[in-house]
Amino acid sequence: MSPFVSCSTPRRVWTAGLLCLVTALLAATPAAAQRVRGRLVDAGTGEPVPAAEMSLLSGESGTRVVKRALTTDSGRFVLTAPRPGRYRLKAERIGYRTVVSPPFDLV
C-alpha cells in the first residue's frame, strides 16, 4: 500500500492514461519558456482532482523536482520548464496513489 493512500477513503488509483491529458507546448516559444499544461482527473470517475501537487521532475533518474504547482478546482495545472531536457510528471494527493509519468522530452 502506498503511503499516499488514505485509509479512511476508498482506494483510488491514478493511471498513466490520465497523465496523457498533459500537453507540452512546443510551438514557437523559446525552450526556457516551454510549458507543460494538463488536467488531472480521477481515473475511475473522470472527476477533476483539485489541490493535488504536480511536480516536474528532471535528471537521469527523473527524481529531481524542478517545478511544482497545485491543481485548480477543475484539476488544471501549468508548469514551466527551466530548459530543454527529459522530464517526468508526478501527481500526489492524500487519498490517491502517487503516480509518475513516463519520461518525455522538451526540445
Side-chain angles (χ1 to χ4, degrees):
M1 181 179 277
S2 168
F4 296 105
V5 175
S6 169
C7 295
S8 62
T9 60
R11 187 173 199 174
R12 298 179 223 160
V13 179
W14 287 334
T15 63
L18 56 92
L19 289 176
C20 289
L21 296 172
V22 174
T23 303
L25 298 179
L26 303 176
T29 57
Q34 291 184 28
R35 293 187 181 143
V36 178
R37 299 173 188 249
R39 183 170 185 240
L40 189 63
V41 299
D42 184 293
T45 66
E47 293 293 315
V49 180
E53 183 178 76
M54 298 300 299
S55 300
L56 186 62
L57 308 174
S58 73
E60 285 300 313
S61 60
T63 57
R64 195 176 97 238
V65 176
V66 293
K67 292 288 180 177
R68 286 194 173 122
L70 289 179
T71 58
T72 64
D73 289 343
S74 63
R76 296 190 186 285
F77 64 91
V78 178
L79 295 160
T80 302
R83 64 190 143 293
R86 180 158 276 214
Y87 294 93
R88 293 176 186 255
L89 283 174
K90 180 167 73 170
E92 297 178 281
R93 186 165 192 280
I94 294 173
Y96 291 84
R97 180 181 301 168
T98 298
V99 172
V100 178
S101 75
F104 57 93
D105 293 314
L106 295 178
V107 294

**Report entry** Whether Arg93 side chain and Pro50 backbone form a donor-acceptor pair below 3.5 Å
**Finding:** yes

Query raised in the report: Heavy atoms, side chains only, cut-off 4.5 Å: are Leu79 and Leu89 in contact?
Result: yes

**Report entry** Side-chain heavy-atom pair Thr98, Lys90 within 4.5 angstrom cut-off
**Finding:** yes

**Report entry** Set of salt bridge (charged side-chain N to carboxylate O under 4.0 Å, His left out) partners for Arg68, sequence neighbours left out
**Finding:** Glu53

Report summary line: Between Leu40 and Phe77, the two heavy atoms sitting closest are N-CE2, 4.4 Å

Report summary line: Scanning both residues in full, the closest heavy-atom pair of Leu56 with Ala81 reads CD2-CA, 3.9 Å

Query raised in the report: Taking the side chain from Thr45 and the backbone from Glu47, do they hold a donor-acceptor pair closer than 3.5 Å?
Result: yes

Query - With sequence neighbours excluded, residues passing salt bridge (charged side-chain N to carboxylate O under 4.0 Å, His left out) with Arg86 - result: Asp105

Report task. Without swapping roles, check the side chain of Thr71 against the backbone of Ala51 for a donor-acceptor pair under 3.5 Å. Result -> yes

Requested in this report: In sequence, state the C-alpha distance, the side-chain angles, and the governing distance for Leu57 and Val100, and then conclude on side chain to side chain contact (heavy atoms under 4.5 Å, CB included).
Outcome: CA-CA 9 Å; Leu57 308 174; Val100 178; 4.2 Å; yes

Report summary line: By side chain to side chain donor-acceptor pair (under 3.5 Å), Arg76 pairs with (sequence neighbours left out) none

Report task. List the atom of Val41, the atom of Val49, and the distance in Å for their closest heavy-atom pair. Result -> C-CG2, 3.7 Å

Query raised in the report: Do the side chains of Tyr87 and Val36 get nearer than 4.5 Å, heavy atoms only?
Result: no

Query - Rounded distance (nearest 0.5 Å) linking atom CZ of Arg83 with atom OG of Ser58 - result: 6.0 Å

Query raised in the report: Does any N or O in the side chain of Glu92 come within less than 3.5 Å of the main-chain N or O of Ser55, such that one atom is a donor and the other an acceptor?
Result: no

